[in-house]
Amino acid sequence: MGSSDRLFCRQRTLHEIVGGGIVADVILWRRKNLTVGILLITLATWLVFERCGYTLLSLVSSVLLLLVTIIFLWAKSASILNRPAPPLPELHLSEDMVNEAASFIRSRVNTLLSVSQDIAMGKDPRLFFKVAACLWLISVISGLTDLITLGYTSLLLVLTIPALYEKYEDYVDRHVILMYRKLHQFYVKLDEKRVLTYQQWILEKEKLS
């Protein structure tokens with residue numbers, strides 16, 4: 001199929017459109033083990049939060065408690081039995097790491113504040129309507145579901161729809177383009193009928209006058 005037979009007359013492949021690299025490989029199931037692993041971890045997280053009644057704070061606290069207990073018992077038993085201590089990495093943040101993180105956060109926050117100021121002052125009406133529409137959509141969706149379910153559903157859609165589209169790309173493009181052409185023809189005919197009706201109305205008005 002040529003570029004004219006593709007949706008939006010695109011010339012790039014779907015792998016290139018979704019960014020290429022490992023992210024595109026995961027989304028399009030080029031690395032099946034990694035994609036399945038992400039789906040299983042996400043499903044397990046959703047089950048823990050939604051079905052087992054855990055909250056983020058309680059889950060983190062339980063995991064940290066279990067981890068600290070295991071390391072403590074391991075260290076005590078190692079000292080009693082003259083065994084090696086647990087191989088813990090050195091927990092230390094260098095000054096360079098902290099400065100780089102602070103610089104990154106400051107840059108992103110300043111960009112966000114600058115954009116927010118432009119929106120509030122009415123300097124970019126188009127951006128204002130885009131942000132307002134996105135916030136309204138988020139508000140509607142959040143009223144229908146919770147954040148965990150929304151995140152899991154969104155990830156599930158991201159990891160299934162592009163892969164299915166790539167598999168049946170020719171079939172989907174052909175039928176969508178055909179449907180678009182039929183709708184366009186219907187719109188043209190409807191527009192012609194409106195024009196004829198308007199012209200007849202004008203002629204009748206002229207005759208009456």
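Remember, it's a predicted structure, so these values are computed and weren't measured experimentally. The basis for the numbers below is simple: all heavy atoms, side chains too, and nothing from hydrogens, waters or symmetry mates.
Closest approach of W29 to A163, counting heavy atoms only: CD1-CB, 3.4 Å. Closest of all the heavy-atom pairs between L157 and P162 is O-CD, 3.5 Å. Contact detail for P84 and A78: the closest heavy-atom pair is O-CB, 3.4 Å.
Residues W74 and L64 fall into different hydrophobic clusters, defined by Ile, Leu, Val, Met, Phe, Trp and Tyr side chains chained together at heavy-atom separations under 4.5 Å. Following chains of ILVMFWY side-chain contacts shorter than 4.5 Å, one cannot reach M179 starting from Y165, and the two form parts of different hydrophobic clusters. Connection of L178 to V172 is not established within any shared hydrophobic cluster, with ILVMFWY side chains joined at heavy-atom distances below 4.5 Å, either directly or through further cluster members. Residues L39 and V36 are members of one and the same hydrophobic cluster, defined by side-chain heavy-atom contacts under 4.5 angstrom among Ile, Leu, Val, Met, Phe, Trp and Tyr. L150 and I138 fall into different hydrophobic clusters, where Ile, Leu, Val, Met, Phe, Trp and Tyr residues are linked whenever their side-chain heavy atoms come under 4.5 Å apart, directly or through other members.
A donor-acceptor pair is defined here as one N or O able to donate and one able to accept, closer than 3.5 Å; no such pair exists between the side chain of S107 and the backbone of S103. Distance alone, capped at 3.5 Å, places no donor-acceptor pair between the S139 side chain and the L135 backbone. Panel note: side chain T69, backbone L65; a donor-acceptor pair is recorded below 3.5 Å.
At a threshold of 4.5 Å between non-hydrogen side-chain atoms, the residues W46 and L43 count as touching.
Rounded to the nearest 0.5 angstrom, L164 CG and L159 CG are separated by 11.0 Å. Here CD1 of I27 is found 11.0 Å from CD of E166. Values are rounded to the nearest 0.5 Å. To the nearest 0.5 Å, atoms CD1 (I161) and CG (L156) are separated by 8.5 Å.
Enclosure of atom CG in N110 by more than 12 non-hydrogen atoms of other residues, nucleotides or ligands within 6.0 angstrom is indicated. Other residues, nucleotides and ligands contribute over 12 non-hydrogen atoms within 6.0 Å of the CZ atom of R30.
In the hydrophobic clustering (ILVMFWY side chains linked at under 4.5 Å, chained through shared members), L66 is joined by I70.
Applying the side chain to side chain contact (heavy atoms under 4.5 Å, CB included) test to V109 and every residue at least two apart in sequence or in another chain returns I105, L113. Taking L34 as the reference, I22, V26, R31, I38 meet the side chain to side chain contact (heavy atoms under 4.5 Å, CB included) condition, with sequence neighbours excluded.
Electrostatic pairing of R174 and E169 does not count as a salt bridge here, judged by no charged N lying under 4.0 Å from a carboxylate O.
By the 30° and 60° cut-offs, the orientation of the rings of Y180 relative to H184 is parallel.
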